Asks: 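Have a look at this one before I ask anything.
Lettering of chains follows the sequences in order, A, B, ..., and the numbering in each one begins at 1. Not measured: the values here are computed from a predicted model. The analysis underlying the following values was restricted to heavy atoms, covering all of them including side chains, and did not include hydrogens, waters or symmetry mates.
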Amino acid sequence: MKNHYKIKWSNEKCTDAFNCAKCLEVCPEAVFAIYAPNREEGVAPEEYVISPAMQYFCNGCGACLAVCPNDALKIIPKS
Amino acid sequence: MCDICTAHGGGKKWFEVKRHVEVKFAKEMGFEPWEKDHWQHVHQQYAQLAAQAGDAMADPVMAENVRKMIDNLIFQIHPLNKNVTFTFPQGHGAQVLTRQEIEGVIKLSGEPYLIECLCRKMINNASDRCCIPLGLHGETAEMFPSKQEKVERISVDEAIALIRKFNEQGRVHTLAGTPLPMAMAVCNCEVPNCIALRPRVDMGFNYIIRGHSVAKVDVDKCIGCKECLSRCQFGAITFQNATGRARIDMWKCYGCGLCAETCPEKAIELIDRESLPALKDWW
């Protein structure tokens, strides 16, 4: 198990997850996932959020930081 | 016999039993709400469970307990007794199959659909129409969130042509039981952006179990062309400079058969896992 970095994600800063989702496209370790929490019937695009679900596979390359237009995430090395 | 075949196959393999692909039988067993629930909540389950499991996996003792818990959820609860609880992936497992076996399942079902792969949409934001749900699973696929494009009903021949195309592209075919042993979706997966193969290969959760065959190199026929090396998604094939031949680590092999299909000399054969005493309990 890897687990060298922690990704601090801010849902407040990530405002248009559904249409943007650039971090998903660039991540080489497939860390991020886009999903709608608390979904029952039908879901509006605004309800989607991005979560660094598999963050313990993060290798700290910083590709997501470079593409994020809103600075919604930080990569923090684990001590 | 793998655990699923022992429990549900009745002497055959679990995906060769006709009623396990029938819409009528699935409806009789009351799986329609289960299927809808699955489509609606699969994303949440992955994102939330993965985030929680990650913290637990950092500790070796906790990691072992999490693995046991997930194995119990997938295999030890008999889904056909109707005690399936919703909103949790109870009884949702899968197995790696060869192309020939997958084609057999599609012919047996006769009702393939085509949708976008939900894993690649969720993890890579990529539109990848490669998921072939069967029967009831396809009928209920409209319950999937709005990032989904339309559900398309395709013919058996079209489905088989697609499977061959995906095989050439080097994708691993898996058959998902939702819930087991109902054979309801043919996935054409890629590591690591698959929500089932990733936990299996990198974390050891048995969402997907190994196939019924293992690949073996015929040392007399192998010419060392290295064609098979790039086909293995599990890191089981290496090239040995000393002998000038490919070597397959059969402990790592999942039995998908991609290497055997591409070999120009037919030097890789798929042998039955049951015939090898060491590997017969290695799923």
Asks: Considering only heavy atoms, which portion of B:A47 lies under 4.5 Å from any heavy atom of chain A: side chain, backbone, both, or neither?
Replies: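 Both backbone and side chain of B:A47 come within 4.5 Å of chain A.
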Asks: Only pairs at least two apart or in different chains count here, so list each salt bridge (charged side-chain N to carboxylate O under 4.0 Å, His left out) that has a residue in residues 13-30 of chain A.
Replies: A:E29-B:R198
Asks: Atom OH in A:Y35, atom CD1 in B:I123: separation rounded to 0.5 Å?
Replies: 13.0 Å
Asks: Would you please go through residues 184-193 of chain B and name the residues with a non-hydrogen atom below 4.5 Å from one of chain A, in numerical order?
Replies: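 Contacts with chain A: B:P192, B:N193.
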Asks: Within this structure, what is the CD-OG distance for the pair B:Q44 and A:S51, rounded to the nearest 0.5 Å?
Replies: 11.5 Å
Asks: Using the test ring-ring contact (aromatic ring centres under 6.0 Å, His included), find all partners of B:F234 that sit at least two apart in sequence or belong to another chain.
Replies: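 ring-ring contact (aromatic ring centres under 6.0 Å, His included) check on B:F234 returns B:Y254.
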Asks: Of the non-hydrogen atoms in A:L24 and B:N125, which two are nearest, and what is the gap between them?
Replies: CD2-N, 3.9 Å
Asks: If you compare all heavy atoms of B:H43 against all heavy atoms of A:I34, which two are closest, and at what distance to 0.1 Å?
Replies: ND1-O, 4.0 Å
Asks: Tell me if the CD atom of B:E152 is crowded by more than 12 foreign heavy atoms within 6.0 Å.
Replies: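 Buried by this count: over 12 neighbours within 6.0 Å.
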Asks: Partners of B:R231 by salt bridge (charged side-chain N to carboxylate O under 4.0 Å, His left out), sequence neighbours excluded?
Replies: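 With neighbours one apart ignored, the set is empty.
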